[in-house]
Amino acid sequence: MAELPQNVKGMNDILPPEVAKWQFVEEKARQILDAFAYRELRTPILEYTPLFQRTVGETTEVVEKQMYTFPDRDGSSVSMRPEGTASAVRAYIARSQWNREPVTRWYYLGPMFRHERAQRGRLRQFHQIGAEVFGIPGPSVDAEMIAMLVALLLDLGLAAVDLEVAVNSLGDPDERATYREALRAYFSAHADKLDDFSRRRLESNPLRILDSKDPRVQALAASAPILLDTLGERSRQHLAAVRGHLADLGVASQVDPRLVRGLDYYTGTTFEIKAKVGGLGAQNTLAGGGRYDRLVSSLGGPEIPAIGFALGVERVLLAMSQPAESFESGLTLYVAVLGEKARAFALPLAHRLRLGGIRTEIEHREIGLKAQLKRADALRTRLALMIGDNELAAGKFVLRDLVKREQSEVRADEIEPRIRQAMD
RNA sequence: GUGGGCGUAGCUCAAUGGUAGAGCAUCGGACUGUGGCUCCGAGGGCUGGGGGUUCGAAACCCCUCGCCCACCCCA
């Protein structure tokens with residue numbers, strides 16, 4: 001066993017029954033994103049490391065300890081993308097996209113990589129469906145995006161009562177800086193009650209102390225200064241407007257003042273959608289996102305506001321109660337073959353049917369008819385066409401409906417129309 | 001990075017120191033060319049790997065590899 005090849009830890013194969021469920025999710029996502037006027041963007045999985053350092057943030061957990069970073073053959077440092085927004089913004093700037101259209105809506109879908117300890121709902125290669133909107137500053141697009149996410153999750157079969165929509169505002173960079181100092185002052189005064197983790201965060205990222213699960217720190221955080229209180233009128237109105245629009249769209253939201261996203265580029269609105277269903281384990285955040293109004297300019301582009309989200313595909317899959325098998329459809333036709341002469345006749349016949357779009361399996365092995373029909377059952381096939389010496393001699397073939405348990409004899413030229421008839 | 005749990009047939013799991021088993025799945029037969037049910041049968045295991053204790057280890061001890069769960073982090 002030990003010498004068998006193994007897959008890299010936290011990176012899994014996804015096999016056929018499960019893949020059908022993936023395809024269902026991807027298809028629904030594409031449908032709804034398409035309906036909301038998004039277009040697909042595809043970017044490389046590898047980027048130069050500084051891109052992530054400058055966007056996600058030098059001091060964030062993701063960049064500090066979780067990236068797959070290695071030297072390229074020319075010595076430059078490259079990293080496997082830990083998230084999708086950085087690449088989208090890079091592409092946006094590289095193409096001067098703002099000169100092509102005033103508003104850009106992009107979505108992407110694919111694998112992301114973070115070197116974390118794997119657990120339920122958290123893998124080292126995981127998959128996100130994400131979207132970005134560039135060029136709209138107003139709160140209505142924030143609400144639109146959140147409502148779209150909720151619609152997608154409902155479309156996938158999740159129940160509204162199981163979803164929690166949390167929103168918050170991080171304010172503009174100035175407000176955030178002011179708040180950061182207020183927090184630092186507050187927690188510094190109570191430094192003796194902080195755990196080691198939080199104490200280190202004092203300097204680098206005091207906002208993250210609010211997220212601590214340490215009971216003493218939580219108690220402390222409960223009476224810490226609240227970001228919303230230090231926000232200016234503009235930010236507060238923006239958040240209120242987002243919630244108002246959400247209500248208009250039929251989405252109930254809660255303000256979570258401690259919703260501090262772990263990526264540095266966020267400004268203003270942040271949001272998170274959690275699912276309260278079994279099967280998810282401790283990682284119950286299905287999607288998260290927010291505004292990053294300063295990111296485009298900080299990477300050398302013009303001042304373009306933007307907002308985005310990412311949805312964790314694996315987590316959505318876990319939250320969906322339907323088994324993977326239920327997303328797989330059976331075959332239409334199984335061609336049972338008895339003998340080499342029959343096979344020589346059946347092969348081109350099956351070929352034609354397949355090219356005509358009829359999902360067909362043909363038996364290539366020398367096995368009995370009984371075994372072939374069992375195989376047809378296992379493949380959840382609708383019809384079986386039986387071809388043996390008798391049929392060849394008579395020029396008539398047995399077409400059996402495996403669901404109705406009825407069969408009839410058909411001439412060669414009747415086969416395809418009869419199959420199409422049965423498919424309706 | 002820290003802590004805990006678990007590795008026995010393809011899958012889910014029994015066997016607590018004394019001959020490695022069951023269910024499901026697979027294959028075959030009953031039914032020599034007609035499926036899902038039933039009955040009968042078969043194949044399949046260096047019990048993750050290595051070392052130790054013992055007359056004897058799947059079990060006890062050590063090491064190692066792997067998986068899982070949680071902390072943390074986040075999708």
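Atoms considered below: every heavy atom in the structure, side chains included; atoms not considered: hydrogens, waters and symmetry mates. In this text the structure is predicted, and so the values were computed from the model without any measurement. Letters go in sequence order (proteins before strands), and every chain restarts at 1.
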Send over the distance from [X] [atom1] to [N] [atom2], rounded to a whole Å.
X	N	atom1	atom2	value
A:M11	B:G66	CE	P	14 Å
A:L153	B:A75	CG	C1'	12 Å
A:M67	B:C73	CE	C1'	15 Å
A:E61	B:A75	CD	P	12 Å
A:K9	B:U64	NZ	P	14 Å
A:D13	B:G10	CG	P	18 Å
A:E116	B:C69	CD	P	14 Å
A:E272	B:A75	CD	P	7 Å

Checking the side chain of [X] only, and the main-chain atoms of [Y] only, is there a donor and an acceptor separated by less than 3.5 Å?
X	Y	result
A:R359	A:L333	no
A:R124	A:R114	no
A:E314	A:R122	no

Side chain to side chain contact (heavy atoms under 4.5 Å, CB included) partners for [X], two or more places apart:
X	result
A:E366	A:E340, A:R343
A:T178	none
A:P323	A:E325, A:S326
A:L318	A:R120, A:L280

Next on the checklist: Suppose we screen for ring pair (Phe, Tyr, Trp, His ring centres under 6.0 Å). Which residues come up paired with A:F70, at least two apart in sequence or across chains?
Outcome noted: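 Result, ring pair (Phe, Tyr, Trp, His ring centres under 6.0 Å) vs A:F70: none returned.
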Checklist entry - For A:E83, which contact category applies under a 4.0 Å heavy-atom criterion: base, sugar-phosphate, or nothing? => result nothing
Checklist entry - So what does A:A310 hit on the nucleic acid, given a heavy-atom distance under 4.0 Å: a base, only sugar-phosphate, or nothing? => result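 Sugar-phosphate contact only.
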Next on the checklist: Once you measure the plane-to-plane angle for A:F134 and A:Y92, does it fall in the parallel (<30°), tilted (30-60°) or perpendicular (>60°) bin?
Outcome noted: parallel
Next on the checklist: Tell me whether the rings of A:F345 and A:F397 are parallel (<30°), tilted (30 to 60°) or perpendicular (>60°).
Outcome noted: parallel
Side-chain donor-acceptor contact under 3.5 Å, [X] with [Y]:
X	Y	answer
A:H238	A:T269	yes
A:E175	A:T230	no
A:S408	A:R418	yes

Between [M] and [N] - [atom1] atom distance, rounded Å:
N	M	atom1	value
B:C40	B:G45	C1'	24 Å
B:G23	B:G66	P	35 Å
B:U16	B:C61	C1'	16 Å
B:U64	B:G4	P	15 Å
B:G44	B:G5	P	37 Å
B:C72	B:G1	C1'	9 Å
B:G21	B:A9	P	14 Å
B:G50	B:A58	P	12 Å

Could I get a table of every N or O pair under 3.5 Å where one atom is in the protein and the other is in nucleotides 3-6 of chain B?
residue : atom : partner : partner atom : Å
B:G3    : O6   : A:R117  : NH2          : 3.4

Next on the checklist: Determine whether the aromatic ring centres of residues A:F327 and A:F24 are separated by less than 6.0 angstrom.
Outcome noted: yes
Next on the checklist: Do A:M112 and A:V313 make a side-chain contact, defined as non-hydrogen atoms from C-beta onward lying under 4.5 Å apart?
Outcome noted: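 No, every pair of side-chain atoms sits at 4.5 Å or beyond.
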Checklist outcome for this item: Per-nt protein contacts along nucleotides 26-35 of chain B (heavy atom under 4.0 Å; B base, S backbone sugar-phosphate only, - none) come out as -----B-BBB
Checklist entry - Is the phosphate of B:A70, meaning OP1 or OP2, less than 4.0 Å from a side-chain N or O of A:Q119? => result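 Result: yes.
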Which residues in [range] have a heavy atom closer than 4.0 Å to any atom of RNA chain B?
range	result
residues 342-352 of chain A	none
residues 312-329 of chain A	A:G312, A:R315
residues 121-129 of chain A	A:G121, A:R122, A:L123, A:F126, A:Q128

Checklist entry - What stems, by residue range, does RNA chain B take part in, given at least 3 consecutive Watson-Crick or G-U pairs under 3.5 Å? => result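 Stem segments, range with range: B:1-7 with B:65-71, B:10-13 with B:21-24, B:26-30 with B:38-42, B:48-52 with B:60-64.
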Checklist entry - Rounded to the nearest 0.5 Å, how far apart are CZ of A:F271 and CZ of A:R243? => result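 If we round to the nearest 0.5 Å, A:F271:CZ and A:R243:CZ are 15.0 Å apart.
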Item to check | All pairs passing ring pair (Phe, Tyr, Trp, His ring centres under 6.0 Å) where residues 38-59 of chain A contributes a residue, at least two apart | outcome: none
Checklist entry - What are the two closest non-hydrogen atoms of A:S77 and A:T69, and how far apart are they? => result OG-CG2, 3.3 Å
Checklist entry - Got a donor-acceptor pair under 3.5 Å from the side chain of A:Q283 to the base of B:C73? => result yes
Next on the checklist: Quick check on RNA chain B: between A:N12 and A:L311, whose nearest nucleotide comes earlier from the 5' end?
Outcome noted: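 Result of the comparison: A:N12.
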Next on the checklist: Quick check: on RNA chain B, is the nucleotide nearest A:N7 upstream (toward 5') of the one nearest A:Q66, or the reverse? Name the residue that is more 5'.
Outcome noted: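 In this pair, the answer is A:N7.
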Next on the checklist: What verdict does the side-chain hydrogen bond (donor to acceptor under 3.5 Å, both in side chains) test give for A:E144 and A:H245, after you've listed the backbone C-alpha separation in whole Å, the side-chain angles of each residue and the deciding distance to 0.1 Å?
Outcome noted: CA-CA 8 Å; A:E144 177 205 86; A:H245 284 124; over 6 Å; no
Next on the checklist: Using a 6.0 Å cut-off, check whether atom CZ of A:R375 has over 12 heavy atoms from anything other than its own residue.
Outcome noted: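 For A:R375, atom CZ is not crowded (no more than 12 foreign heavy atoms under 6.0 Å).
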